[in-house]
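Only one structure is covered here, and it is reproduced in the block below.
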Amino acid sequence: MSVSVDPNGRLFTIHTKCSTYQMKADSQNVLLHTYYGPRIDGTDMSYTVTYADRGFSGNPYELGVKDKRYSLDVLPQEMSCFGTGDYRVTGLRVRNADGSRAADLRYTGYTLEKGKYSLPGLPAVHAADDEAETLTVRMEDPATHLQAELLYGVLEDQDIITRAVRITNGGEAPVALEKAASLNVDWQFDSLHQITFQGRHCMERNLVRNPVDHGVRSIGSVRGTSSHHYNPFTIFCQPSATETAGECWGFSLLYSGEFQMETEMEQMGQTRFVCGIHPDNFDWPLAPGETFTTPEVMMSFSDAGLGKLSRNFHTAIREHICRGEWAKKRRPVLLNNWEATYFDFTGDKLVSIAEEAKRLGVELFVLDDGWFGKRDDDNSGLGDWFPNEKKLGCTLRELGRRITDLGLLFGTWFEPEGISEDSDLYRAHPDWAVQIPGRAPNLSRNQLILDFSRADVQDYIIQRMSAVLSDAPVSYVKWDFNRSVCDKFSGALPAHRMGEFAHRYVLGLYRVLETLNERFPHVLFEGCSGGGGRFDAGMLYYTPQIWCSDNTDAVNRLTIQYGTSFGYPVSSMGAHVSAVPNHQTGRVTPLQTRGTVAMAGTFGYELDVTKLTDAGKAEIREQIACFQRFYDLIQSGDYYRLTSCDAPCVAWEFAAEDGGEALVSAVGNRMEGNAPPSNVKIQGLQPDARYEAKICLTEQTPAPMAWFQKELETWEKRNRGLSGAALRNGGLTLPPIWREYQAWQIHLTRLPEGR
Ligand code: DGJ
């Protein structure tokens, strides 16, 4: 059993393979958070909690006279409440019927069950009954009878614990939730660094590492989506933690809307972390008997560094968040026409690209934006999900058939949440667009947003998309969303419930996605929001891959994919080879480099392959064959970051679980004269086995320097027969780089014993 409860039913110890998490209901029925760290025995860790008279940190009334040392303001807690003596950032803020903002939840009981709870209408980690346990801890405010059920899902083997909260108004008067966080973790003594991922459109998930210090640091989004700007994934770690050593805690919020992650170091140097729905656009009335459920947080701990922590999340997302046919099924190598044609295409042009793509080994042709309504630029047509047969020269079904007759799968693009003012849908239903009466709406990409909080809008989109997906032979859908949500207002909500809008929008989005997944289990859904503006574990429950960024520049992608890899697996990251000069940065990189970088993702192409030279086509054929050969290693092997994304030569590795083989990829990031060699410490191999190192994917442009060719000729010979232990500790010195952005892919295979 991964969860143990003491005989009094007050001490709860959760064990995973490498971690222990503990909480205890104390003498006042306050639920103390007593431990989260390396796996220990069942010791009651509340001995670490100290009590002292802390001036200006008040005491509960019943204890004030007897014990001035007991204060909610300094105790580590599982469920912190605003307004009753805890002055730190707190997880729950309510507005009671009398106008007071006070809640005080105390422990009342628990239940322990086999299996993992689910959250109707929300994404949640799933597991078979014998893989997980659910601990439900119940609390209640004795004054108002507001109740909370803290749900903990435990996946012992995966080192994963989840937490969500169900809040019920058990009283007789209405209350409103102003803030309902999913999680509260308190560290009493640790000095910590926090890693967050910030960005912008075309440059998502840049890693930022800061020491935690006094004050409150808050990241989040009030943009309707999880956003390009901050990601709902964060890590805390020891200041000395590296990729391979040190204690680290990771928290991934399964939510695709507005979120907040607050970190506070308080007066005693303790660190509190609170995360959940962003409270700025949230106000949720609860009538007596009504329940609100928060999104889920998935957390993991590693005492072996950041790399191990990331791999815990990779496995959990692949196996316990992604669902359905495509969670495990081999994903096709795709070609998307966006950067090849933008809006400027005809059916014949698309077919000619598809024909060439097929010859090169592509498996799925994706028709991006512009196939519907009046849509020759981004100023009109959104919402009119009827094929533009004049532009295509045929029906979508016929075009799909022409593509599938080539032996390719056919996929297409939707932006279901978008609506253009210049569209038939807007003309018919102006009230379906999100806007505040009497106020001009904020435009972005010259488009508005469909009110996904409304059931009639959700139903319409389900019906319209179903019609298209049933008519044409569609195996893949790219679900895009190209703006932030402003003007938070719904004509379908009364004024006093407008604070529900932002969350109801996300619930509506999830309902549509869930229904379409159920109806079309064979369709592979890829998420997208102007690239990676909604790249979160919540979306991955519905779309097992997400377009990582609108920036396809291979060098910028080193940074974007590096940051993304901390919380998300390679199998979730949409990555394509595009043309040079790159359309976002103007940079020219070798085709080999673009292929190597895209192979650290779901892999595909996004360029007009009919315009390639014969040499370029040959190289793409070789790339696709290479990706197919290493598919399992890349998509489900163990992923190691061998360098940071700022290194002169950026390197990463995929290793087989049994250590029998590994694929090392490296890209020259910064060219310097007389450059020092790059040496990387290879991980995940068997220490005693010996390996052969082979350079795959040949560089098409031969180096002009003779010394370089010579070096290459002897490189494989010199690096043959090295042991896993040598490669781990002495490292592998990479072949030299002779030109900017050159890439290497090196396949390490175990040699039979004695050779
Ligand atoms: C933004 C996406 O990220 C692009 O890949 C492309 O699909 C465009 N939208 C189409 O409008």
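Scope of the values below: all heavy atoms of this structure, side chains included, with no hydrogens, waters or symmetry mates. Counting starts at 1 for both ligands and their atoms, in listed order.
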Is it true that Arg205 and Thr564 share a donor-acceptor pair across their side chains at a distance under 3.5 Å?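 On atom types as modelled, these side chains qualify, holding a pair under 3.5 Å.
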With Asp368, the side-chain hydrogen bond (donor to acceptor under 3.5 Å, both in side chains) member among Thr341, Thr412, Asn337, Asn336: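 Output: one option passes, namely Asn336.
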Phe345 vs Trp338, test: ring pair (Phe, Tyr, Trp, His ring centres under 6.0 Å). Steps then yes/no. CA-CA 10 Å; Phe345 56 80; Trp338 180 243; 9.1 Å; no
Indicate yes or no: does Asp369 engage Arg375 in a salt bridge with an N to O separation below 4.0 Å.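 A salt bridge is present here (some side-chain N lies under 4.0 Å from a carboxylate O).
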Answer yes when Asp456 and Arg454 have at least one side-chain N-carboxylate O distance shorter than 4.0 Å, and no when they do not.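 Between Arg454 and Asp456 there is a salt bridge, with a charged N closer than 4.0 Å to a carboxylate O.
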Is NZ or CZ of Arg330 both nearer than 6.0 Å to the six-membered ring centre of Tyr631 and within 45° of the ring axis? yes
Measuring from each atom of ligand 1, which residues have a heavy atom under 4.0 Å away?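 Close residues (ligand 1, cut-off 4.0 Å): Trp338, Asp368, Asp369, Trp413, Arg445, Lys478, Asp480, Asn482, Cys528, Gly530, Gly531, Trp547, Asp550.
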